[in-house]
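What follows is a set of notes on a single structure, which appears directly below.
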Amino acid sequence: PEEHIAANISCEDDYIPANVREGRHKELTVQLADWSNPTPETGGFVWRRLKTSCKTLEDAKKLARMAIEAHPSFRPQK
């Protein structure tokens with residue numbers, strides 16, 4: 001629904017399943033869509049990169065959940 005915050009988890013490395021399973025990849029970056037100050041230039045939101053990066057996808061998902069809970073102002077306005 002429109003009141004949810006989008007999260008993006010990315011890595012500079014190419015996706016190679018064997019490397020992911022073995023943890024042989026660069027750290028993961030987590031971004032949240034910030035809808036608190038929408039502008040036409042940004043499509044309504046701005047991606048906000050979290051300062052902490054993660055080694056595993058599980059940790060990145062946990063970090064995204066914690067950040068979403070900590071920043072309710074990022075939600076789209078109704």
Side-chain angles (χ1 to χ4, degrees):
E2 63 230 10
E3 70 273 1
H4 289 201
I5 298 173
N8 178 44
I9 299 172
S10 60
C11 183
E12 290 182 22
D13 286 346
D14 290 333
Y15 177 73
I16 301 170
N19 289 352
V20 173
R21 275 192 302 277
E22 297 168 14
R24 293 184 293 128
H25 56 79
K26 292 185 180 179
E27 290 195 331
L28 303 172
T29 301
V30 179
Q31 297 177 312
L32 299 182
D34 177 1
W35 289 87
S36 64
N37 191 17
T39 65
E41 296 84 26
T42 61
F45 68 89
V46 175
W47 285 113
R48 301 289 182 196
R49 181 181 176 272
L50 303 183
K51 291 181 181 180
T52 304
S53 54
C54 300
K55 189 65 179 166
T56 67
L57 182 57
E58 182 179 332
D59 288 344
K61 288 178 179 180
K62 287 179 186 176
L63 178 63
R65 282 188 213 103
M66 289 184 342
I68 287 169
E69 290 174 12
H71 296 285
S73 64
F74 284 10
R75 285 187 169 77
Q77 302 300 315
K78 291 184 179 183

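Please read all numbers here as calculations on a predicted model, not as lab measurements. For the single chain, residues carry numbers from 1 onward in sequence order.
The list of salt bridge (charged side-chain N to carboxylate O under 4.0 Å, His left out) pairs with a residue in residues 22-34, not counting sequence neighbours, reads E12-K26, E22-R24, D34-R48. Counting only residues at least two apart or in different chains, ring pair (Phe, Tyr, Trp, His ring centres under 6.0 Å) contacts with residues 56-77 comprise H71-F74. Sorted by first then second residue, the salt bridge (charged side-chain N to carboxylate O under 4.0 Å, His left out) pairs that include residues 64-74, not counting sequence neighbours, number zero.
Every side chain to side chain contact (heavy atoms under 4.5 Å, CB included) that A64 has, sequence neighbours left out, goes to A7, V30. For K55, there are no salt bridge (charged side-chain N to carboxylate O under 4.0 Å, His left out) partners two or more places apart in sequence or in a different chain. The side-chain hydrogen bond (donor to acceptor under 3.5 Å, both in side chains) test applied to T56 returns D59, not counting sequence neighbours. The side chain to side chain contact (heavy atoms under 4.5 Å, CB included) check on T52 picks up L63, with sequence neighbours excluded. Residues satisfying the side-chain hydrogen bond (donor to acceptor under 3.5 Å, both in side chains) criterion with K61, sequence neighbours excluded, are absent altogether.
A 4.5 Å side-chain heavy-atom check between I68 and L32 finds at least one atom pair inside the cut-off. Residues M66 and K62 form no side-chain contact, since every pair of their non-hydrogen atoms from C-beta on lies 4.5 Å or further apart.
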Practice item. Please lay out, stage by stage, how T29 and R49 fare under the test side-chain contact (heavy atoms from CB on, under 4.5 Å). Key: CA-CA 7 Å; T29 301; R49 181 181 176 272; 3.5 Å; yes

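Note that CD1 of I9 and OG of S53 are 12.0 Å apart. Values are rounded to the nearest 0.5 Å.
Residues W35 and G44 come closest through the heavy atom pair CE3-O, 3.2 Å.
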